[in-house]
2 protein chains.
Amino acid sequence: MSAIHIALLGYGTVGKGVYKTIQTHQEKLKNIFRKDVKVVAILVKNIEKHHAPDPDILLTDDFNKIVKLEKLDVVIDAIFGKNPSFTYLQQAMNKGCHVITANKEMFAYHGTQLKQLAKEQGVTLGFEATVAGGIPIIQTLRQLLHVNTIQKVQGILNGTSNFILTKMREELYPFETALKLAQEKGYAEADPTNDVEGYDAFYKAVILSELAFGEIPNWEDSIRQGIQSITPEQIELFSAFGYRFKHVASMEKTAKGILCTVKPVLVNETHPFYQIEGVQNAVSIDGDIVGNISLQGPGAGMFPTASAIIEDLVYINKHSFSPIFLDEQNELSVKAFKTYWAIGGDVAVENIPSHIPIINRINPNFLIVEASWEEICSIQLPNVYLYQVLGRVLPEKTLVRS
Amino acid sequence: MSAIHIALLGYGTVGKGVYKTIQTHQEKLKNIFRKDVKVVAILVKNIEKHHAPDPDILLTDDFNKIVKLEKLDVVIDAIFGKNPSFTYLQQAMNKGCHVITANKEMFAYHGTQLKQLAKEQGVTLGFEATVAGGIPIIQTLRQLLHVNTIQKVQGILNGTSNFILTKMREELYPFETALKLAQEKGYAEADPTNDVEGYDAFYKAVILSELAFGEIPNWEDSIRQGIQSITPEQIELFSAFGYRFKHVASMEKTAKGILCTVKPVLVNETHPFYQIEGVQNAVSIDGDIVGNISLQGPGAGMFPTASAIIEDLVYINKHSFSPIFLDEQNELSVKAFKTYWAIGGDVAVENIPSHIPIINRINPNFLIVEASWEEICSIQLPNVYLYQVLGRVLPEKTLVRS
């Protein structure tokens, strides 16, 4: 069986996620491509710090060795910063390789040039992973654009700043404390400027603007405002009235071109961004025919980003399978999935079997418990209302069980 | 220039929306297809009740006249019920036509057969419009499936029942009153069984299950529970503790096959379905690699559904344009778009120009006003905090301006 030969630039979180996903999904990928999918080379900055995950893989700090490989079909860019990424991808395309990138900063600056070069070379350029991690926003925008004229795009595009704002509200932390927590959790860099001052969100906005409106925002006229000046007092005041701070990137077409802003805004519960918490991302699109569509999901992370990159890989080979009838059987492990349930009516705590944890006691007639469907079915109670509960339920720590 | 010849089955809300969208988007469609897109025939049940929107269009109550047309490329099904829709689409495919359907009941029962026939005939079958109106859920699932194994799909798939639940909570209406309002607004039929007892949502769940898991749920083992038994008292009690009732369809793979349930559940604000209100729809997908992705948007209506149908039409012709580089320029009319703003700090009501409405006075130091960006820029105030507000803001009716 012939193979698709892939070089991976960068072997950090994203690079490792891509490698692992390709390894664990060999069968699925083989079904799609009718070929083996092989990582043949990995580029790293410091060769001392890494081991090749397989002895057949060329691990190198020299891109020239990669671009000279005899068999190379796809180059996946999982490194940071404008350069050398841009140069590498140009070289790869000139050699006739397809290219997939997760590098938003580079793509915000050089996306137009790379798209042009891809056209000239007749290769495919994938960039789903540059914006909002696992959320298929690039593909969705492309699809909506077939019919719709896009009027506006808004997004929570930076998980780190959203995490900080969430912690500031939930814990009433000052900005610095929430930032430190984000750094401890690995969400924020030692230098958090890119995230908290909105540069990262702005790069993503540039990429979305070019796709949605066919042009990039005027960088000089754009407004980019960070979240550092938001105080716990402001957060507390607005929370009391049902408003939350969100760091929102907004793009719309005006007479002067694309107006792009990245700034803190207040959101109430009628808006899809209200319950986007922690490192989640979300994008809201207004199209002239379809109206408003929102998407939300994991904005970053090893596997969500890997998922976006592999989607692009599939796209490259899209003619080798029929996308209309994808009827592969999924093989799922069956779990006795636990979830929350509200039990109401004439129910006393004593009636709940002791192996089922009572999470909340809403009032004498309503309890929230955590149980699988089978466990719930085993509770035989008369006059009982039973509703499944969706969402995270925080246990009452004071709840004592007799 | 050659043309794509379309027959429209049904000329109700959806059919009219498709016709209007094709008419108003001739240029856009021509750019995509490099052909004119022409509706050549419309099938109606009662020919007395309708007029052809154009004298060149064959308006008929006899499908035989349509299927015998010499030039016919695509048949769009915008009628209700299992039959005669199924028979018509089979005839159309046997003639070599591509087929697009918005008919969920028919597709839930006969989707597998139609997919098989489409394969045999080498024609394309589009069904994006059968589930969740304008939300591109079919396409998104297909895309995620390339890499991900889908573990679970949940959705608010019926706008009517969600509208009823929203009104019951907001107005504390009993079920019957909220239903009557839905009927007055045209969201519910005279016989609301399909919507409020979950049949409509179940049909959509069947369609999503086949796509996500490669098999349909066991109809006998599935649980389908309506919303009629929910009382305003229950709603009030749970609201007080932050829970809302939502009518949720849920599909997951178990040892016994696909478990499908449609039933009322409780949702709190940590879940993406919490703020899905009125006739909105939402779908949440758990994939093994990507994690959780949610989509929300208009679940029905003339233009959202038309948008989904035209997406399918574009898909049929997908080889005639490059989906990777869709860089058409959108031409947008520029509006002085009004939005809400929170103004805070040392600001008194007198400082706000009288042409800017004050919507809410949160406390002596914070106001919410409605204004365009230009108007906001015109307010020159020292020591002012200014944040844009996203979401619907209800005006305080008692607010009197001095």
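Nothing here was measured: the structure is a model prediction, and the numbers come from that model. Residue numbers begin at 1 in each chain, while the letters A, B, ... track the order of the sequences.
The two residues B/Ile258 and B/Ser209 come nearest to each other via the heavy atoms CG2-OG, 3.7 Å.
Ranking B/Gly133, B/Ser307, B/Ala342 against chain A, the residue ahead of the rest is B/Ser307, based on heavy-atom pairs under 4.5 Å. Of the listed residues (B/Leu144, B/Ile138, B/Ile289), the greatest number of heavy-atom pairs within a distance under 4.5 Å of chain A belongs to B/Ile289. Interface remark: of the candidates B/Ala306, B/Pro304, B/Gly297, B/Ser294, B/Ser294 forms the most heavy-atom pairs closer than 4.5 Å to chain A. Among A/Thr21, A/Val147, A/Val267, A/Ile135, the residue with the largest count of heavy-atom pairs under 4.5 Å with chain B is A/Val147. Ranking A/Gln139, A/His25, A/Gln143 against chain B, the residue ahead of the rest is A/Gln143, based on heavy-atom pairs under 4.5 Å. Interface check for chain B: of the options A/Lys263, A/Met302, A/Gln225, the most heavy-atom pairs under 4.5 Å are formed by A/Lys263. In terms of heavy-atom pairs under 4.5 Å with chain B, the best-connected choice from A/Trp341, A/Tyr274, A/Phe273, A/Phe303 is A/Phe303. For chain A, the option among B/Gly291, B/Ser284, B/Gly17, B/Pro264 with the highest count of heavy-atom pairs below 4.5 Å is B/Pro264. Counting heavy-atom pairs closer than 4.5 Å to chain B, the top-ranked of the candidates A/Gly134, A/Ser229, A/Gly301 is A/Gly134.
When each of B/Glu269, B/Gln280, B/Gln296 is tested with B/Gln275 by the rule side-chain contact (heavy atoms from CB on, under 4.5 Å), just one qualifies, namely B/Gln296. The residue from B/Asn292, B/Asn148, B/Thr149 that alone fulfils the side-chain hydrogen bond (donor to acceptor under 3.5 Å, both in side chains) condition with B/Asp286 is B/Asn292.
In this structure, the portion of B/Thr140 lying under 4.5 Å from any heavy atom of chain A is its side chain and not its backbone. Using a 4.5 Å cut-off between heavy atoms, A/Lys246 makes no contact with chain B at all. For A/Ile223, the part lying under 4.5 angstrom from a heavy atom of chain B is the side chain only. Interface residue B/Val248: only side-chain heavy atoms are found under 4.5 Å from chain A.
For the pair B/Arg244 and B/Phe238, the cation-pi test (distance below 6.0 Å, angle within 45°) is failed.
Between the side chains of A/Thr166 and A/Glu277, at least one donor N or O sits under 3.5 Å from an acceptor N or O. Using modelled atom types, one finds a donor on one side chain and an acceptor on the other under 3.5 Å when comparing A/Glu210 with A/Thr112.
Note that NE2 of B/His271 and CD1 of B/Ile276 are 10.0 Å apart. Values are rounded to the nearest 0.5 Å.
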Does B/Ile309 form a side-chain contact (heavy atoms from CB on, under 4.5 Å) with B/Asp312? I'd like the steps, not just the answer. CA-CA 5 Å; B/Ile309 288 172; B/Asp312 278 342; 5.7 Å; no
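Side-chain atoms of B/Leu114 and B/Phe127, non-hydrogen and from C-beta on, never get closer than 4.5 Å to each other.
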